[in-house]
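In what follows, a structure is listed as structure tokens, so that the remarks can point back to it.
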Amino acid sequence: MTESVPGDGLALRIRGLRKRYGSVVALDGLDLSVPSGLVYGFLGPNGAGKTTTMRVLVGLIHADGGTIDMLGRPVSHFDRHRLFDVGALIEAPSFYPYLSGRRNLQALAASGARVRRGRIDELLELVALRDRAGDRVSTYSMGMKQRLGIAGALLSDPQLLLLDEPANGLDPAGIVAMRDTLRRLASAGKTVFVSSHILGEVRQLADVVGIIAAGRLVRESAMDVLLRDSGQVRVRVPADRLGQARAALATFGDVADGPPDDGHAWLSVPVGRDIAADVTRILADAGIYLSGLETEGDLETLFLELTGGQQTAGPAPAPDSPAHGGAV
Amino acid sequence: MRLLLDDLGRLARRPATWVSYGLVVGLMVFVFVVIGATANSLPDRAGGGQAALSVLTFPGAYDSVLAFLIGIGTLLAVVYGAAVAGSEWNWGTLKNAIARGESRAGYVTALFGAVAVVLAVGLVVAMAIGVVAAAVGATMAGLSTTGLGDATYLGALPEKLARGWLGVAEAAAIGFAIATLARSQLAGIGVGIATYFGEQFSTIFFPDIVKFLPFHAAEAAVGLSQSGGVTVGNGGVQDAARLAPDVALVVVLCWLAGALVVGALVTRRAEITG
């Protein structure tokens, strides 16, 4: 299930994590290997155990079994200091509604690891809340609260950042800004662990993906490997050569017909996009010259296959993050 | 200390702090001024007018003010303690601190410490305002205020205030523990109020047991005389049902410590899923 992932060393290593709420099994022997210095996308349908995993990691709930190594140290329930190097935003961001955004960050900074002077101003600037920093949080929009929550997670300049659905409530510009910020953090050597149900978002953001279903890991892989192994290539061929093209491409598997298109027709080959060069070569060898080619890394199809067809909770992709790959 | 100072700053900005405080002080000023304005016109049946005047007569008026503050203060303290502890669960702010590696028991203890400091400052300031209100009431009633400077009373006042503070803090700790058990601000406040009034009603049926319960013990610990004081809540408690002040103080400390231990243990063991 776990494939080789890029990066040296693991920021987070989970083995056999189990958690049960009464008769409901939330985590059923979960294994995860999160490499250091990368963005790790943690995907799963509703109820798969994503938030439960996050809660265990930050000590909000206790696991029934399993081991966790965090930033190179085994985690025990009583070792709360391990969280001094971790920043987290779990579920909806939580604040004192009667305090300002700045004062809320100050309240947060009074707990856990010490926060250096000036850090709060830096973070307010980073999440574009400086102008509203003095206003009560009760007057903030959901997106503003989410941004403040991300600022809170970054307070102690953590080595490992755990974010649960960080794009919730953010507008398109906010999503792009968040993505840039998280990518920048990963570039700086931080590890970013992001749970999400927005596949398009994870696809654009994550270097490595772990997909869980029913409390178990069903696939863990580098994103490019995952996309290479999934998806399809679509080609536009002359309508009068459709039969020949279909026969030539049959070596790749089931070829599906697409809609007619102005004297041409589209064919879909269910293989990863790295195969696009082979597709063009085979068609050219058969004397068929295509007039269009699109690759689609179909994370959604793979996700549905791996999770037994369970739907993700939210609507799909962010406005600026189409599910399909770019045309070539 | 970092947490305690921050908690103090937060509580000072919290509307509930000022609403609770305003309620106590406003009611107290109103009561003493009204007594002063009406004492001489009250019919003296059953000593009503005389009793009203004795409430405003210094130095006994110091006890009247303190009795009022402890009586209504314990009720509001249980509500305030529940509001502060319960909101940590309702707003999810406890979760934030734990996720940053803060000690659960330490967090709860610091938060209660801040509540206790707010109550101490509030009690001292309210006492001062109450004394002024009683003096105004006494003047309106045509009474002399020469007893204001009575050295014996003033000498005993700090200890009485300290005992009163422990009683009010104990009530807040009870509310704090209830809200922590309920993990809810509203449930904590509701159950806290019910506990307070439940204890008052229990006086009728279990007078020998009730004296050991938190609100009765809090009042008894101050050691105020029961004649002529303006009391709220436990004013009907008979002398026979009261603990001696020092015994009551021990009982108060037991309730206070017990409530804090319950709050800390429950928080420490809690699975935070909300």
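Numbers restart at 1 for each chain; the letters A, B, ... are given by sequence-line order, proteins then strands. For clarity, every value in this text was computed on a predicted model and none was experimentally measured.
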Heavy-atom side-chain proximity of [X] to [Y] below 4.5 angstrom:
X	Y	result
Arg103(A)	Asp6(B)	yes
Leu83(A)	Arg100(B)	no
Tyr98(A)	Arg10(B)	yes
Phe84(A)	Glu102(B)	no
Leu60(A)	Ile98(B)	yes

**Study point:** Atom group of Ala270(B) that falls short of 4.5 Å from chain A, counting heavy atoms
**Key:** backbone
Exercise for review: Sort Ser87(B) into side chain, backbone, both or neither according to what part of it lies under 4.5 angstrom from a heavy atom of chain A.
Suggested key: neither
Practice item. Look only at the side chain of Lys95(B) and the backbone of Pro93(A), and say whether a donor-acceptor pair between them is shorter than 3.5 Å. Key: no
Check your understanding: Any donor-acceptor pair under 3.5 Å linking the side chain of Glu271(B) with the backbone of His62(A)?
Key -> yes
Check your understanding: Taking non-hydrogen atoms and a cut-off under 4.5 angstrom, which of residues 107-142 of chain A neighbour chain B?
Key -> Ala107(A), Leu108(A), Ala109(A), Ala110(A), Ser111(A), Gly112(A), Ala113(A), Arg114(A), Val115(A)
Revision key, fill the gap. Under a 4.5 Å heavy-atom criterion, the part of residues 149-166 of chain A in contact with chain B comprises Gly152(A), Leu155(A), Ser156(A)
Pairs of donor and acceptor atoms involving the side chains of residues 64-73 of chain A, under 3.5 Å and at least two apart or interchain, shall be tabulated with distances.
{"from": "Asp64(A)", "atom 1": "OD2", "to": "Arg20(A)", "atom 2": "N", "distance (Å)": "2.8"}
{"from": "Arg73(A)", "atom 1": "NH2", "to": "Asp79(A)", "atom 2": "OD1", "distance (Å)": "3.3"}
{"from": "Arg73(A)", "atom 1": "NH2", "to": "Asp79(A)", "atom 2": "OD2", "distance (Å)": "2.9"}

Exercise for review: Mind ranking Gly59(A), Pro97(A), Ala88(A), Ala92(A) by heavy-atom pairs under 4.5 Å with chain B and telling me who comes out on top?
Suggested key: Pro97(A)
Practice item. Using heavy atoms and a sub-4.5 Å threshold, report which of residues 166-177 of chain B line up against chain A, by residue number. Key: none
Check your understanding: Above 12 or not: heavy atoms from other molecules or residues under 6.0 Å from CG of Leu186(B)?
Key -> no
Point to revise | OH (Tyr21(A)) with more than 12 external heavy atoms under 6.0 Å | key: yes
Check your understanding: Hey, what do you get for OG1 (Thr273(B)) to CZ (Arg55(A)), rounding to the nearest 0.5 Å?
Key -> 5.5 Å
Point to revise | Heavy-atom closest pair, residues Thr93(B) and Phe95(A) | key: CG2-C, 3.7 Å
Review point. Closest approach of Trp91(B) and Ser94(A), non-hydrogen atoms and distance?
Key: O-CB, 2.9 Å
